[in-house]
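What follows is a single structure, written as structure tokens, with notes after it.
Below, read A as the first sequence line, B as the second, and so on, with proteins coming before strands; counting in each chain starts at 1.
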Amino acid sequence: MKPVLIGFLCEWCAARALENMAHKRLKLPDGFLPLRVRCSGAVEPALLTEALRRGALGVLVGGCPRGHCHYREGNTRAEIRLKVYRKLLAALGLSPDRVRGVWVGSGEGERLHREIWQFWKELTGEDRPL
Amino acid sequence: MKIALYNALSCGGCDLIFFLEDLPGSFLEDLEIVFWPEVCDHREEVLRNLPEKGLEAALICGAIRTRDQEKRVLLLRNKARRLAAVGSCALYGGIPGLLWEKGEGPRPVTEVVSCEVAVPGCPPEPKTLREALEALLREEDSGGKDRGPVCEECPRTRRPFRIGRLKKWGGEEVLSGDCFLARGIICSGPVTRGGCGAVCPGAGYPCGGCYGPLEDLAGERLLSALASGVLPARADEFLEGLVDPVGTFFRFFLARSPLLRLRKRRDEEDTA
Amino acid sequence: MRLFYYPGCASQHLARDLHQAVEALFSALELEIAPLEDWNCCGAREVAAESPLVGLLLAARNLALVQEGRLIVTCSLCYHNLKLAEKELSRDRESLRQLNDLLAEEGLSYSPDSVRVSHLLEFLCEKDNLSRLVSEVKGSGPRTPVAPFYGCFLSRPFGLEAGLMEKLLDLSGFGVAANPLKHHCCGGHLPRTDSPVIKELCGRLIYSAGRAGARFLGVCCPVCRLNLELYGPEEGPRVLYVPQLLGLKLGLPPAALGLEDGEL
Amino acid sequence: MKDWRVFLCECGGNIGEVVDLSRLARELKGKELEILRHPFLCSPEGQDFLVRKSRRAKGVLVAACAPDLHEETFRRLLRAQGLERFRLVPIREEAAWTALSDPTAKALRLIRAGLAALKETRSPPAITLRPRPALLVIGGGAAGITAALKASEAGLTVYLLEREPFLGGKALYLDRLYPRLECASCVFSPRLSALARAERVEIFTRARLVRLSGLPGDFEAEIESQPRYVRLDRCHGCGRCLSVCPVEPPAIGWPVPHPVPKVPVINPFRCLRFKGQSCRKCEKVCPRGAIDFEDTWGRRTLRVGGVIVATGFRPYAAEKIFHYGYGRLPRVITLFDLEKAFSSGEKKPEIFKSPPERVTFVHCAGSRDRRHLPYCSEICCGLAVKASLRLKELYPRAEIYHFYQDLRLKDPEGEGLYHRARAMGIRFLRGRVAEVSEVPWSPEDEGRLLVLAEDTLLRRKMRLAVDLVVLVPGFVPELGAGELASLLGLCPGEAGFFEPRENKVDPAGTVRRGIWLAGACSGPRDLSETVASAEAAALEAVTFLSRPEILVEQSRVEWQETRCGRCYLCVEVCPFKALVPAEEGLRVLPELCSACGLCVSACPSGALFLEAPEAVFFQLRAVLG
């Protein structure tokens, strides 16, 4: 199976940032597969395990910038869960860097693009083509 | 009725349950124990000499670690008409499941052979064992799959809660009769299948999850629940207090966790 | 906490006086700071033409020699290079690994978490050292006005906390002349290109200190001092190193500070 | 029977030419699945096609563009036919435009994920409600005033919220208007008076929004107001109180050129009475008994159908650009200080005590600079040229220089303004100013400011000794915009300005229905653009709120009793307090639930779900193959 990076993107900011990126025609690795969720706070840790067990190399959780969650504290909650989950991964001897959170505003397509490629590069060693 | 009992990697606690008086009379009548290494016969040829499906039933406790244990269980599967996995170790890997090292670790019996009857618990409550044996006699497959969480049976008082700091078990928190989680003590009740009657929380001890995961990925769900209950301002304090995430979230079923399998796969790749 | 002093190449020729003054200051304040044994060039500017790793290696070797503790630096360029290595290598683990492989040939290794680079000004402004300095100041004397001058490398990109030089000068009994050009460029390495620009730059810097009423311009960097002395106007405030100025207030003999009596 | 339908939109060539739709159709084809294709599903023909071809379907998946654009339209069409199972997969943005080498394979995976969840999906329940014909306008500047006027003219009740004691915002301090140089107050103050007279407009000054809840069409807004110490309902603006105040400058007053409401405000930090003294001069002289020292902070809850955000912008804090010396050097001012000096009406404001012989305008102060504002604010060039002309009018002998990066003068008249300035001797030099300093280059210029720059067209260094430096900073969102964004659930862009729902075709809309943007809160705008955008926002609001009824979708979490362990974690974790413990276990309050899913992900026993149990798990498994 080709390497896959799952991106759970909140429909308010991160998914819109991806659209913003799309309008600029910035390219993402083929293995990056976005799934839209209501809020980054709606991403349960079980989904992270499910993604990893089914072969995803990494999972990115994209939410609104800090303090700007549309549901008040969804992204804060997501961040706490990610921290605990990363601690669990580390305790199991797995790399905690296989899951991470990215907090971007809807206009920050270029930043999301950078973050995704950075993550992809760390996971696969492939860099973005110039 | 010819039966066999076998103990793989376990503490032996489940065996003791068989000495309780609470077992069904119909089960004890006309019972012939052909093989039970701890109590009567331990010779493998006794089993080997039996015809295929020559045993009415076999009850297996403990997790599988060695090649011998695996062979013995496969043999029992061949000789017994019906197989019962007894205890958390046999069902989910149990406490020995935490004993994982590079590339290997104990496996639940249920991952080696198929079992008709499941008897959860560490050790199972007598009531659970009796019901399972009755099911065995009635030729039913059992597993208690339709049960809700331990909390449904828990006598402690529930109220909405937020976790400020994790607390160690003991003291006033135990006596108060309030939900452990609401008091900042980790309790696996919400992610654990009921059936035990919530004996531990009832007796003042938080649930460790021995009756098995209510759902797939129960460890992650407990993690989520705790991380959701934490006050954002005190998240770092919480994280610090969480000393042993693996033992906390996966005490009785780490051996079945997909994350552990990922780790094993990585180790295998490393050695390869 | 182990403390080391990094003299830098200039201490051997161009800024021997700065080196003398710093050592005199340390002993007057009874600070136990030994020069770093077997130190090498910080990388200066010349190696910038090579791969960035070469410069980082030079700096990292010095940091590795410290093993664990703090490294106190006086020269602005040395401070910049060492600080750059400290920041880069704590971020770029891959380069750190490569450099450590090279350092291992000498039996050295560098871990960014265990070594801290500090500028002399930062170090002296720490609470204990400052109170030591104040208690050692001899006599009250006139508050001779001094204009502080930081120059580029103490201002950017790793700028020192604002007002350190002013604080030291004030507490040691100098008057502080406000110098709006204290973060400006002295011309740096322009003399080598024979550029006429430097004369204008230095002229204005000295003029700025003069119009603020300063008698001295206090500097920390050997290159700043050299440029200002060579290209600045003959009239106007004299350029001295801050450690020299502090030493004078501690009552140290000018000769111990690398100063000739006649200069003052 | 092909119960399930997938519609592939070609989006012209946007999808059709990048994604191999025939291959998609081939790979997706299944016993129960019909694949349909259309060049433009959003066109009237396309919509018709969608409706026709989805008859008797159990569920429909549309693979097209981002949901913001047409999801609502498609859903409404399908819902009208009683079709509840609908999903949209934006393969244009997520595959066609962003896949590096194989958009088709990516589109295929994403569609498969969508299909996996489709069977479980239900469109959220919808309720019809009658929108309240009332509008809350946040911000009483040019945009807020315009929107309030237009909405009230159309029959809506308007609540206008202003943080300051007086309406008008930054427009009050404009002197002349770009590009025709007409008098700003002649143009703008009639609007203020019209507002003071308007019916159905209630003005709240010194007030801010603290909470907004409810649904589009029926929001509940809680506002908080600071005391003014003068009662709006009694004062008739005679101004007698102003002359009796013993404090200098007076503690009571209306310190703006055109105070609306014409009711003074008491500054408690200056007023003697608040310093424990017994002065009551203003109270005694007031013929209407309007002075009220007992005035306190107040809270009020308003029920409105919609909200217009008109919080505007403000100039970037020029003191942050250290080397320009603003705030440190007395003769360095900003364009807005200059504009204020012009509009204050006094003949010789402080900065012109001695007529300046040479003035420099520093364009892009902080703009297009990654350490300050990485963007161009577009309107500042025009404002600077305009102000320099006015300065030249006042001081014909002054030499005036503009240092610019690029001159952006919009409108046909903008270019004329530039030529006029050139003809009057104002000089334009392309280059960034490196430094503004009180230390001169040569001692004979002592006392003047030194401006160092480079004329990048002539490749020549410039050292100017000048008497006045006017910095022209760019614009940033008004203070508190970020806080308001969180309160309203709106997303600010990278620069902090509010993001419209769609820049080109829906500039007044936001991601939340029932909330619109007016004026410079969504980016730098000059007065004419501000007014135009405010009218657009008002039109949107009026259209929305005058409908006899609107359909509001209300997704909410569902609760499964058999799985619930009653740990009540969900109750605590809900940011909207939409879950309450009840006798039967748990009650979901639909009017409060916003369907964020926070409780779903917190629930340890899987007793809560949104859309469908484990819908995301299905998608995840499908997308991973």
### For chain D, which residues of residues 204-213 of chain C have heavy atoms nearer than 4.5 angstrom
C:Arg204, C:Tyr207, C:Ser208, C:Arg211
### CA sep, side-chain torsions, deciding dist, call: D:Ser437, C:Leu181, side chain to side chain contact (heavy atoms under 4.5 Å, CB included)
CA-CA 8 Å; D:Ser437 164; C:Leu181 305 189; 3.8 Å; yes
### Task
Answer with side chain, backbone, both or neither: which region of D:Leu329 has an atom nearer than 4.5 Å to a non-hydrogen atom of chain C?
neither
### Message
I'd like to know if D:Arg163 and D:Glu478 make a salt bridge, using a cut-off of under 4.0 Å between side-chain N and carboxylate O.
### Response
yes
### Task
Fit a plane to each ring of D:Tyr404 and D:His363, take the angle between them on a 0 to 90° scale, and name the class: parallel (under 30°), tilted (30 to 60°) or perpendicular (over 60°).
perpendicular
### Task
May I have the step-by-step check of salt bridge (Lys or Arg N to Asp or Glu O under 4.0 Å) for D:Arg463 and D:Asp445, ending in yes or no?
CA-CA 11 Å; D:Arg463 292 171 204 134; D:Asp445 290 327; over 6 Å; no
### Message
Under 4.5 Å from any heavy atom of chain C, what part of D:Glu435 do you find: side chain, backbone, both or neither?
### Response
side chain
### Selection residues 183-202 of chain C - residue pairs positive for ring-ring contact (aromatic ring centres under 6.0 Å, His included), sequence neighbours left out
C:Tyr150-C:His183
#### Entry: Carboxylate-amine/guanidinium contact C:Arg225 C:Asp17, below 4.0 Å
yes
### Message
Check this for me: does any side-chain nitrogen of one of D:Asp175 and D:Arg390 sit under 4.0 Å from a carboxylate oxygen of the other?
### Response
yes
